[in-house]
Enquirer: 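Quick one: the structure is below, questions incoming.
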Amino acid sequence: MKSTFTVVFLSLVACWAVSEAQPEPGFCKFYEECGPNPSVNNSLIASIIPCVDNNKARRLQGRHYLSLRRVCPMLDKGIGKTYACCSLNQLQSLENSLALSKAVLLRCPSCAKNFAHLHCINTCSPDQSQSVNITHTINVTFENQTKEAVVAYEAYVSTKFAEGAFNSCRNVRFPATGGFAIGTMCGRYGYKLCTPQRWYDFQGDTSNGLAPLDIDFRLIPEGAPVSPGIIPYAGQVLGCNESSGIMGKPCSCQDCVESCPIIPPPLPPGKPFMIGGVDGVLVVCLISFSVVCLIFLGYLLLWGILQVRSHDAGKDKGKDKNGNNVCQVIDPKKVSFSDKASLAMQAFLGSLFERWGTLIASHPLKVLLISLLVVLVFAMGMINMELTTDPVELWSAPNSRARKEKDFHDKYFDPFMRTNQLILTAPGRPGYSYDSLLFNKHNFSGIISKDLIIQVLELQSRIQAIEFWSDELNRTISLKDICYAPLNPNNPKLTDCAVNSLPQYFQNSLHNLNAKVNMTKLGVTQEVDWRDHLIYCLNSPLSFKDFTDLDLSCMADYGGPVFPFLAVGGYENEDYTNAEAFIVTFSLNNYPRGNTKFTLVERWEQMFLDLVREYQMDPTTNFTFAYMAERSLEDEINRTTTEDIPIFMISYAVIFLYIAVALGEYSSFKRILVDSKFLVGLGGILVVGCSVVASMGFYAWVGIPSSLIILQVVPFLVLAVGADNIFIFVLEYQRDERRPGERREEQIGRVLGNVAPSMLLCSMSESICFFLGALSTMPAVKSFALYAALAVLMDFLLQMTAFVALFSLDARRQDANRYELACCVTVPTPRPSAASQGYLMRYMKRYVSVLLHPLTRPIVMLLFLFMFCASIFLMFHVKVGLDQELALPKDSYMLQYFKYLFKYFEVGVPTYFVTTQGFNFTTKQGMNAVCSSVGCDPFSLTQKIQYATEQPELSYLEIPASSWVDDFIDWLNPATKCCRIYTEGPNLGKFCPANELVAACKKRCMLPPAFGVVRPSVQQFNKFLPDFLGNRPDLQCPKGGLGAYDTSVARDQDGTIIASRFMAYHKPLTNSQEFTEALRRSRELAANITLSMRQVPGTAPDFEVFPYTVTNVFYEQYLTIVSEGLFNVSLCLLPTFVVCCILLGLDMQSGLLNLLTIIMITVDTVGVMTLWGINYNAVSLINLVTAVGISVEFVSHLTRSFALSTLSTRVERAKEATTDMGSAVFAGVAMTNLPGIVVLAFAKAQLIQIFFFRLNLAITLLGMLHGLIFLPVLLSFFGPDVNKALLLKQQKEAQGDTAVYENGGFEKGERITHLPLSESGEQSQTERILL
């Protein structure tokens, strides 16, 4: 009976308990804490679970009520009216738990409130039983009592509330990484795949190390059936653009799209110039060509009609075709001033050089000795010569904007870290599928396999183990001495070094990589391993613990996150497990070149390269990979130059051999060794070499450094110029006959007086051209121009001295019929008495008869006009820039690296937006003008960068800037545990880190703000900023600034911020055009930010924000290189006109025709660059300046010869000039350059092949075409009239009267080859005698 009563009683109690557990308003499901969850291991925080309790909700009073109002204000109903299902202990645990999420979500108060809202409802709601259903309980012993504890429950939430809360948090940023906070709160799905359900599933999963118990969030659509009594929670949710309180403010635009102001879209790139759907430049060029052709053809037609009429009317009787009266004595009063000046200038120069040549030829040995001594004095300066190899020093002017910005950045933040990188692939390895318990079926590429990851780890470990002895420091140096250690920069260990790689997801531990464990999910038990952990970390790289039972962290061994785009490459749509490449990056500290550690870093990098090359050569290696060290680019450029020196030597040897053979006059086989000019050719080469050495020595004396480009190009240029002068002088001497009673020295002087003015014209034009080119702002162009100008000038001076002296000695030998290489041996065969005209002149006479044929001349003009107009069109389409790959040899390992970099790297270079001194960050206005969280200006610094990243195709920015101001404000927020103060003990009043679990750190650094927006006072800002910058981020406080920002703020001794920086990322940039445009766009953005920040009260007028990227110093030149190139080339063209006019006696017409032809050569050269794929850059500009100099050689000699000719017609004068000077120009310039240029085609360096072989070949061929084809035809149409002063002088000489313009030097210096005809049209006896 008694037992029966007991059973009935227990049954009634059970029924009562069940009835009490039914969902109804005002009842709880659990209350108070029952201790740690025994089913949760390795939790990151204390996993305290509640006790089962089906009683009514408790009314809160005192501390209990105040705590609820602080933690869960949405449940506050007033004093004495507030009921809840949570104890004071539960509220404390809930507050600690929410503090972790608030650290990253408080940027957006609406989001933080919505996030806390649901957890407050689940934990403390007085109607808890209506939205929570316990699914699993266990008995636990806590404080010596056994209680039933909840370890799992269902939480019913309306879909509308869940989606609203999720959407309010979806775009909240994590400034330190530039990513999204929700990406760290959605587990394996990351930001892009996160949904409301997945977001809440992660929050309720104990495997994440944060949830104390399992919560199954059931998102119930409106009207959907649920269990009896269950009411899905559907409280009010705040939109991110809504304020979180009466005095609160909505979230900022960066965290909430709905809060963004309407911003007009950025202006698209300018449309190309079009006319009727056709390229506008092409249309203009075609119209211009047509108009010029019509004008020219009209001129020909009109000229022909006038000629016929004048011939029929007999008006041309006694006149040549230039209109000169040849049958009458020219009236001296009718001779123009320019003709008189021209004659006087030629007479003066001819007399001067004749006397000079005679003097030099009479004392050859003394002159050679003095010349040698002068060269040696100059050359001694080369002892102190500096050779610039640093690309920054070569291509960026010290006073350029990019260089100043780099110096500013490096002064306050140290140089940008040095990168040493490997990109490894495993082509041919098949992919596979992995059926994961946690992630379902997942595809893996062949390279994402355990054996290859282990091999990468082994290689990485070998590299990390590199050590060497340093004599400078007298100790062994390892990676830890020079590595970039962001979280322990002062005393780093090897594991503190920042190494980014896929094995870092396993903390570089083989044990972690081999870890396996059986795990049960939804009743299915299966083994999880490294693949499950990797999938999780690739999608949630900021996690301190994955949600597998492996309990592994995703953080690298040095404490920082490894972002997947820095660990793998070659994937699509963030499908990281299908990546095609591993990326391993070793980051080292950078030091100034004079620093001892700079030498140590370069030595480590060399050992790194040696080890990687050895690994690459190992036949057991399973990888195909590319690699680079920070020093690699400079090393490879220097190696290229060294290896190509033999090519240049062969080029010079070929030129020397040609000169030696071509200068000889071969009258018979027996006199070959007498008439050859090997020593003269060698002497000409030595003169060129001495001029270059003298130039280099002089500038070494004055402290102007040289470069490898100077060593390669200047000798080549001076050789081209010098060889031409040598040929003109030697060929003129060979064609000349010694006059009766004339000494050999006098003949040399007379010949020199005849040709030296032409040599002076070219040399002066070129030298002044290069001196003006030194006005360039680019150091490489400037130094090249200075060295070239002095070398050309020295070459002319040495030719007028040393070469004339050497030639005098050689002429003495030749007159004595002695062998050239064996002077003691003579031959009996005498030298022919008649002067040799040479084979080339005979062919040239035939050539000009065809060239200047009446039918040929118009065709030539039209063809060259077409070429000129076409080149103008092509000039507008030449690409500007120089890709780094072109500076490397074809066999360089760096070419493979650049190929892999562009193919597999998924993120661009970082760019810093740097602020200078003069901005007050400590004021509220100052912080608001910079930050991007709640309460910040919608057009602040970081917000404007955010706007730019939304248009990456226009701004070239892809990832927003990290902001130390934003994270500092969040770090100070009293709602988090980041900033606390010791309230007792020896550190009283000092900063207490969040990971200090002591009771003495309960005081926050700031009180809760009255208006909901945290802004420290000036005193608080200055006091706690150093603590923030030195605080290491961790789970308790992920906002700590060490590593992310400690090197981003520079302060003076008074604590004033004098510089700071905000790091964003460009999109991947693949060529110089993209790098240049990215620089342009970032500067435009920075200028806009500067203007707005200067409006903040107290900002200095010279305050500035500028973008800094390590590549800016190389690509800045391309922003202005077009205008600067036009300026430099124009300056070089100016002396070609001025000097020509002056030395020809103010002959404007000759100067203009000379200038026109050189301009056409230069423009056509740019056109060929477009067709041949040669980009326009600083190296091209150097070659274009060189082109102007070489063009002078092709043009000026022939122009002067035409101007001094007295033949009856322009055609005849053009024939004579082309025959006499054209042959020397062809032999001395074209044929001297071409053999040497062809040899350069075999150089290893692409830079030499493209910019020296191709471009110099184009320059030489175009110069030859214009100088020997176009210019003679141009002169035959538009050349100047015969110099009447010269005709008058010849008439007077023919009459035996030399009173007019008497100048004996000119009479001897200029050969009188043509005189006016008599009345009968025949030459008089006196004229024939003079001739």
Side-chain angles (χ1 to χ4, degrees), residues 17 20-21 23 27-58 60 64 67-68 71-72 75 84-101 115-157 185 187 200-218 233 519-522 544-549 551 997 1035-1036:
E20 287 290 303
F27 280 84
C28 303
K29 281 292 185 178
F30 44 78
Y31 186 85
E32 196 50 270
E33 294 183 340
C34 273
N37 189 342
S39 61
V40 175
N41 298 317
N42 300 321
S43 179
L44 297 173
I45 61 173
S47 55
I48 306 299
I49 52 178
C51 303
V52 174
D53 190 313
N54 295 310
N55 295 313
K56 287 186 177 182
R58 281 72 166 175
L60 306 187
H64 198 173
S67 179
L68 179 80
V71 179
C72 300
L75 295 178
C85 290
C86 56
S87 67
L88 187 62
N89 290 332
Q90 283 181 285
L91 280 170
Q92 182 63 47
S93 296
L94 178 61
E95 184 177 24
N96 291 337
S97 179
L98 291 177
L100 299 179
S101 61
F115 181 88
H117 192 149
L118 184 58
H119 290 284
C120 283
I121 293 300
N122 290 342
T123 306
C124 297
S125 172
D127 301 321
Q128 190 182 62
S129 65
Q130 290 185 307
S131 60
V132 169
N133 180 42
I134 298 174
T135 57
H136 189 200
T137 62
I138 58 173
N139 290 327
V140 296
T141 301
F142 182 64
E143 296 180 351
N144 298 321
Q145 293 184 5
T146 301
K147 296 182 179 181
E148 186 181 13
V150 180
V151 292
Y153 67 82
E154 296 173 335
Y156 291 85
V157 187
M185 305 172 69
Y200 281 116
D201 286 347
F202 176 81
Q203 296 175 39
D205 193 339
T206 55
S207 62
N208 63 25
L210 300 173
L213 71 169
D214 289 316
I215 306 173
D216 181 10
F217 286 94
R218 299 293 182 93
Y233 183 74
M519 186 173 176
T520 301
K521 183 180 180 183
L522 301 178
F544 288 89
K545 180 180 179 296
D546 66 13
F547 70 168
T548 73
D549 287 352
D551 293 329
L997 303 178
L1035 180 64
Q1036 299 297 328

Enquirer: So how far is it from I134 CD1 to L213 CG, rounded to the nearest 0.5 Å?
Expert: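 Answer rounded to 0.5 Å: 9.5 Å.
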Enquirer: Checking T206 side chain against D214 main chain: does a donor-acceptor pair fall under 3.5 Å?
Expert: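 It does not hold such a pair.
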Enquirer: How far does CD1 of I121 sit from CG of L75, to the nearest 0.5 angstrom?
Expert: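 Taking CD1 in I121 and CG in L75, the distance rounds to 4.5 Å.
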Enquirer: Mind checking the CG-CG spacing from D201 to N208? Nearest 0.5 Å is all I need.
Expert: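 One gets 11.0 Å once the value is rounded to the nearest 0.5 Å.
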Enquirer: Check whether any side-chain heavy atom of L91 sits under 4.5 Å from a side-chain heavy atom of H64, and report yes or no.
Expert: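 L91 vs H64: side chains touch.
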Enquirer: Hey, could you give me the SG/CD distance between C86 and E33, rounded to the nearest 0.5 Å?
Expert: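 CD of E33 is found 10.5 Å from SG of C86.
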Enquirer: Working to the nearest 0.5 angstrom, can you tell me the gap between F202 CZ and S207 OG?
Expert: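 That separation rounds to 8.0 Å.
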Enquirer: Over all heavy atoms of both residues, which pair between P212 and N37 is shortest? Give the atoms and the distance, please.
Expert: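 The answer is O-ND2, 2.8 Å.
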Enquirer: If we ignore hydrogens and angles and just use 3.5 Å, is the side chain of Q90 paired with the main-chain N or O of Y31 as donor and acceptor?
Expert: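 Not a single qualifying donor-acceptor pair exists.
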Enquirer: For N133, which of E154, R218, K29 qualifies under side-chain hydrogen bond (donor to acceptor under 3.5 Å, both in side chains)?
Expert: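 Only one option passes, and that is E154.
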Enquirer: Have a look at D53 and tell me which of E32, R58, K147 forms a side-chain contact (heavy atoms from CB on, under 4.5 Å) with it.
Expert: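 Exactly one option meets the side-chain contact (heavy atoms from CB on, under 4.5 Å) with D53, and it is R58.
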Enquirer: Might you point out which heavy atoms bring Y153 and V132 nearest each other, and give the distance in Å?
Expert: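 Y153 and V132 have their closest heavy atoms at CD1-CG1, 3.5 Å.
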Enquirer: L94 and C72: which non-hydrogen atoms are nearest, and at how many Å?
Expert: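 That would be CD2-SG, 3.7 Å.
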Enquirer: Do the side chains of T123 and P50 get nearer than 4.5 Å, heavy atoms only?
Expert: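 Counting from C-beta outward, P50 and T123 never come under 4.5 Å.
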Enquirer: Is the shortest heavy-atom distance from the side chain of I138 to the side chain of S39 under 4.5 Å?
Expert: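 Result no, sub-4.5 Å side-chain heavy-atom pair not found.
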Enquirer: Quick one: do the D546 and T548 side chains pair a donor with an acceptor below 3.5 Å?
Expert: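 Distance-only check passes for D546 and T548.
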Enquirer: Compare every heavy atom of N122 with every heavy atom of Q128, then report the nearest pair and how far apart it is.
Expert: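 In terms of heavy atoms, the two residues are closest at NE2-O, 2.8 Å.
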Enquirer: In the structure I gave you, are the side-chain heavy atoms of V52 and V150 within less than 4.5 Å of one another anywhere?
Expert: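 In short, these two side chains touch, coming nearer than 4.5 Å.
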Enquirer: Is any side-chain heavy atom of L118 closer than 4.5 Å to one of V157?
Expert: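 A side-chain contact under 4.5 Å exists here.
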Enquirer: In the structure I gave you, are the side-chain heavy atoms of M519 and F547 within less than 4.5 Å of one another anywhere?
Expert: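 Contact flag for M519/F547 side chains = no.
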Enquirer: Between A211 and G204, which heavy-atom pair has the shortest distance, and what is it?
Expert: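 In this case the closest contact between A211 and G204 is CB-C, 4.2 Å.
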Enquirer: Calculate, to the nearest 0.5 Å, the distance between atoms CD and OG belonging to Q92 and S87 respectively.
Expert: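 Going from CD on Q92 over to OG on S87, the span is 10.5 Å.
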Enquirer: Return the orientation label for the F217 and H119 ring planes: parallel under 30°, perpendicular over 60°, tilted otherwise.
Expert: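 Because their plane-to-plane angle is over 60°, the rings of F217 and H119 count as perpendicular.
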Enquirer: Can you confirm whether I45 sits close enough to N96 that some side-chain heavy atom of one is under 4.5 Å from a side-chain heavy atom of the other?
Expert: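 No, too far: nothing below the 4.5 Å cut-off.
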Enquirer: Heavy atoms only: give me the nearest F115-S101 pair and the separation to one decimal.
Expert: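 Closest pair (atom of F115, atom of S101, distance): CE2-OG, 3.1 Å.
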Enquirer: Would you confirm whether S67, through its side chain, and L88, through its main-chain N or O, come within 3.5 Å as a donor-acceptor pair?
Expert: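 Answer holds: no.
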